[in-house]
Amino acid sequence: MMMMTDAKKIVGDIGIGGLGYINAILISRPNRICSPIRFCVDTGCSVTIISHLDALRMGLDYSNNKSLQKSDQQTINGVRAFIPYILPGAEILFHSEGTSILEYVGNIHVMPPPPPPPTTTNRANDESNQLSLLGVDVLKKFTISFSQNNIILGK
């Protein structure tokens, strides 16, 4: 007997270095944001984080306390701790191969602007290396699997 399932799946791609990436749309109704974003799937990150570059591209205003507030907790990014901003009322719309899944996230962490560059150049902390990370706060709602060239989030 064949069983039909209503399983939904979102398919992303495997990038350089074997990291999985998922394209989605970040929505924050309180801030009138509806913007495409490319997330790196990070099972080692407890929260979803928007990079500073993506925040700028979306038009988030760090000086406007109505759109972003400083968090009261620190987040570790590699070896560097930072105090993130919080984007409230956030949802992520995943769309892939005719399947759409809207996930309410609530507060999403936003990377602060980088400090002034040091006198020596360290590419590891260079702004151009920042990624937006899809963390366990969202990933725990999915199963994660891999094929040769894809990462698959199942629901």
Side-chain angles (χ1 to χ4, degrees), residues 1-62 66-112 124 126-155:
M1 178 167 99
M2 191 176 199
M3 292 185 65
M4 297 297 287
T5 63
D6 288 336
K8 293 184 174 188
K9 66 180 181 176
I10 301 301
V11 178
D13 58 302
I14 304 296
I16 296 169
L19 298 174
Y21 292 90
I22 300 285
N23 293 320
I25 296 173
L26 178 66
I27 301 166
S28 174
R29 296 174 206 278
N31 290 289
R32 295 190 169 106
I33 290 172
C34 184
S35 180
I37 193 158
R38 183 168 170 81
F39 285 105
C40 177
V41 175
D42 190 344
T43 59
C45 188
S46 59
V47 296
T48 296
I49 299 175
I50 303 303
S51 76
H52 175 64
L53 292 178
D54 280 335
L56 290 176
R57 185 182 50 75
M58 286 186 269
L60 286 175
D61 185 356
Y62 287 90
K66 289 184 193 138
S67 68
L68 287 175
Q69 305 161 7
K70 277 262 189 181
S71 175
D72 57 0
Q73 62 188 18
Q74 281 195 344
T75 299
I76 302 299
N77 175 26
V79 294
R80 203 169 43 138
F82 67 92
I83 304 209
Y85 286 82
I86 298 294
L87 176 66
E91 298 172 281
I92 299 175
L93 177 62
F94 298 98
H95 184 76
S96 167
E97 300 179 354
T99 298
S100 293
I101 299 173
L102 181 65
E103 283 295 330
Y104 179 79
V105 183
N107 290 338
I108 287 187
H109 289 216
V110 179
M111 294 282 285
D126 188 296
E127 192 176 5
S128 64
N129 288 339
Q130 281 192 24
L131 299 172
S132 289
L133 304 175
L134 191 60
V136 172
D137 58 341
V138 174
L139 294 172
K140 68 184 177 188
K141 301 172 185 177
F142 294 89
T143 58
I144 303 170
S145 59
F146 297 88
S147 68
Q148 186 68 31
N149 298 314
N150 297 103
I151 183 167
I152 299 135
L153 300 183
K155 193 102 166 140

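Each residue takes its place number in the sequence, starting with 1. Because the structure is predicted, anything quoted here is derived from the model rather than measured.
- Among all heavy-atom pairs drawn from Asp54 and Ser132, the shortest one is OD2-OG, 2.5 Å.
- Taking NZ from Lys8 and CZ from Phe94, the interatomic distance works out to 12.5 Å, rounded to the nearest 0.5 Å.
- Summarising the geometry, atom CD1 belonging to Ile101 is positioned 11.5 Å from atom NZ belonging to Lys9; distances are rounded to the nearest 0.5 Å.
- Closest approach of Pro30 to Gly89, counting heavy atoms only: CD-O, 4.0 Å.
- Of the possible polar contacts, one joining the Ser28 side chain to the Pro88 backbone as a donor-acceptor pair under 3.5 Å is found.
- Residue Tyr21 forms a side chain to side chain contact (heavy atoms under 4.5 Å, CB included) with just one option from Asn150, Leu131, Val41, and that option is Leu131.
- Between atom OG of residue Ser51 and atom NE2 of residue His109 there is a gap of 15.0 Å, rounded to the nearest 0.5 Å.
- For the side chain to side chain contact (heavy atoms under 4.5 Å, CB included) criterion with Ile151, the lone passing option out of Ile14, Leu19, Asp13, Val11 is Ile14.
- Between atom SG of residue Cys34 and atom CG of residue Leu26 there is a gap of 8.5 Å, rounded to the nearest 0.5 Å.
- Under the side chain to side chain contact (heavy atoms under 4.5 Å, CB included) test applied with Leu134, the options Asp42, Ile49, Leu153 reduce to a single match, Leu153.
- A side chain to side chain contact (heavy atoms under 4.5 Å, CB included) with Ile37 holds for exactly one of Ile25, Ile22, Ile50; it is Ile50.
- If you take CG on Leu60 and CD1 on Ile33, they are separated by 4.0 Å, rounding to the nearest 0.5 Å.
- Taking the side chain as every heavy atom from C-beta outward, Val138 and Phe39 never approach each other to under 4.5 Å.
- Atom CZ of Arg57 sits in a crowded spot, with more than 12 heavy atoms from other residues, nucleotides or ligands closer than 6.0 Å.
- The two atoms that bring Lys141 and Lys155 nearest to each other are O-NZ, 3.5 Å, heavy atoms only.
- One finds the CG atom of Leu87 at 11.5 Å from the OG1 atom of Thr48 (value rounded to the nearest 0.5 Å).
- In plain terms, the two heavy atoms of Leu53 and Gln130 that are nearest each other are N-OE1, 4.3 Å.
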